[in-house]
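Worksheet for the structure shown next.
A note on names: the letters A, B, ... follow the listed sequences, proteins ahead of strands, and every chain is numbered from 1.
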Amino acid sequence: MTSGLIFACAGAAVFALGVAGVMLIAHLLRRVLAFNLMGSGAFLVLVGLGQRAGVPDPVPQAMVLTGIVVAVAATALALALMRRLHAATGRAELPPAGDDD
Amino acid sequence: MAWLIVLPLGWASLAFLLGPGRGAVAAIIGLAAQLWLVADLAAAVSAAGARTHAVGGWGAPLGIDLAADGLSVVMLLLMQAVALPLAVYARAYFAPGADESRYFWPMTGFLVAAANALFLSADLFNLYVALELLGLAAVGLVAAGGGAPQLAAALRYLLATLVGSGAYLLGVAALYGTYGTVSIATLTPLLAAGQAPALVWIAGGAMLAGLAVKTALFPFHFWLPPAHGGAPAPVSALLSGLVVKASFYLILRLWLGPLGELAAAAPGAGWLLALLGSAAILWGSFQAIRAAHLKMLIAYSTVAQLGYLFLIFPLLAAPSAAQAGVMHVFAHGFAKAAMFAAAGALIRATGQDTVAGLAGLAERLPLTLFAFGLAGLTLMGLPPSAGFLAKWQLIEAALAQGYWFVAVVVLAGGLLAAFYVLRVLRQAFLSAPAAGALRPVPRTLEWTAFALAAASVLLGFRGVDLLALLAAGGAP
């Protein structure tokens, strides 16, 4: 098992943890953190699989940089929305899904 | 070609600099120019086939290529042709200084730029970035409503869209790890060439699942009704008419391109999508029939109408299936934008948005009700509308391959659509005593809603031209 493959497998596991966190946790801050975990997992897969015979490939690294920028923007938006929601309702959790109306 | 992305970015930034609520005129001029650019591009593509453009003069392996074939041009055309009347509508809809319009124009500009970038992208990673930008702009628009329900809807939408694009990114990473490229044009022959390893199957599944979440395919539709139903009317129209179609475009693009070989090897995947699509049609229509609020009714109708788009996947052996899908995207884009626009005018006039509160409105706002009815005609799929053309082709493709139950679902869906559309119209035509005085509605609101609805019906007469444009440049 090469080191790249270990990275990729760990990345997949971290990604799965993140998805579970986003879906199952109630507190919004922890959900946002779980989303970041998810992104890190995907980046780890990208960099891990992108090694050819031990030589790092620059293209996935550029992609990961772009992906980090996108993830930072998404995190900032989520945190801003969360603060507004907290100011409006006093809670840092989503209200339970309405009965379809 | 690059101007289609630069121009909306330009007027969005200008609107941001001008300050809250300003920039409408720049947006309308910009969108008109974009429409002209798309018409120009469409003429070029139908004359000379697919076009590519190397951004900044840097070719594909180093730089980023933009590519336009028939499918992209058709989607670009829909985007600008619906966004332009909606911009005119929004300018009249938002009262000056209204809180909900503070960042409408910059957000709309970024949304249009991201969607155009998505339709023009030629590699999977660029598509991911465009998809993410589109989602973020759409979430911003939903949150602009301001109240706690809108914020909760926006956050729920944001988390759903982030999980969706995260799964897509994971798929892209696995594909890059296997083949060392993300260019769609290079990947397609590589995937078709030989036995794909298991990793590629996982990648394809992750990408499709992520995109299905973003397209609000049943049972991932939970985020759509509160987000689309709670936003201000112009925002709902943009989101329901256009934004959900962008991720559908990507599914279709992948299915016809790189993932085509996998899909052919596993026909079950297409049937799974079609099954979920059928469930979406029935469940969405059912919820629309019992929704108490007008905008929730229209939002659930979107869930149902998106279901039709997924019925085409097992039928793609017949060329008319892909045509039916694109035709339905067009018909629904115009009709749903018109419906939300008409609903916005009705809500503006009555000051509330329950279906029951519409009683007796037909005499007072005939043009708006007519627009709503015309859009409903398209959703039901009655001739001569574009919706009829789409359903006709879908049924034809299904029957030609012997899958009559798909045709049954399509017909049942049309009947259910008639239920919820007529429910609204019946209420409006009741000769009830008008409850309270109506507030005056700007004429622009009524006329733009009517123009969009009329376009969705009259498009049925120009369907052949649209399909010719789709076939140009060799896409499906």
- For B/Pro197, enumerate each residue passing the side chain to side chain contact (heavy atoms under 4.5 Å, CB included) test, keeping only those at least two apart in sequence or located in another chain. B/Thr178, B/Tyr179, B/Val200
- Message: Please enumerate all residues that pass side chain to side chain contact (heavy atoms under 4.5 Å, CB included) together with A/Leu29, with sequence neighbours excluded.
- Response: A/His27, A/Leu79, A/Met82
Given a strict heavy-atom distance threshold of 4.5 Å, which part of [X] is in contact with chain A: side chain, backbone, both, or neither?
X: B/Leu199; answer: side chain
X: B/Leu158; answer: side chain
X: B/Tyr128; answer: side chain

- Message: Can you tell me if B/Arg423 has over 12 outside heavy atoms packed within less than 6.0 Å of its CZ?
- Response: yes
- Task: Please indicate whether B/Phe222 has more than 12 foreign heavy atoms, meaning atoms of other residues, nucleotides or ligands, lying under 6.0 Å from its CZ.
- Result: yes
Answer whether the closest heavy-atom distance between the side chains of [X] and [Y] falls below 4.5 Å.
X: A/Leu28; Y: B/Leu159; result: yes
X: B/Val139; Y: A/Leu81; result: yes
X: B/Tyr176; Y: A/Val59; result: yes
X: A/Met63; Y: B/Val182; result: yes

Least distance between heavy atoms, [X] atom then [Y] atom:
X: A/Leu94; Y: B/Ala152; result: CD2-O, 3.7 Å
X: B/Leu170; Y: A/Ala42; result: CD1-CA, 4.1 Å
X: A/Ala78; Y: B/Leu155; result: O-CD2, 4.0 Å
X: B/Ala148; Y: A/Leu85; result: O-CD1, 3.7 Å
X: B/Ala174; Y: A/Leu49; result: CA-CD1, 3.9 Å

- Checking heavy atoms, do the side chain of A/Met38, its backbone, both or neither come under 4.5 Å from chain B? side chain
- Query: Could you state the interatomic distance from CZ (B/Phe125) to OG1 (A/Thr66), rounded to the nearest 0.5 Å?
  - Reply: 4.5 Å
- Query: How long is the span from the CZ atom in A/Arg31 to the CZ atom in B/Arg156, to the nearest 0.5 Å?
  - Reply: 7.5 Å
- Any chance you could lay out the side chain to side chain contact (heavy atoms under 4.5 Å, CB included) test for A/Phe43 and B/Leu169, step after step, and finish with the verdict? CA-CA 9 Å; A/Phe43 299 151; B/Leu169 180 64; 3.6 Å; yes
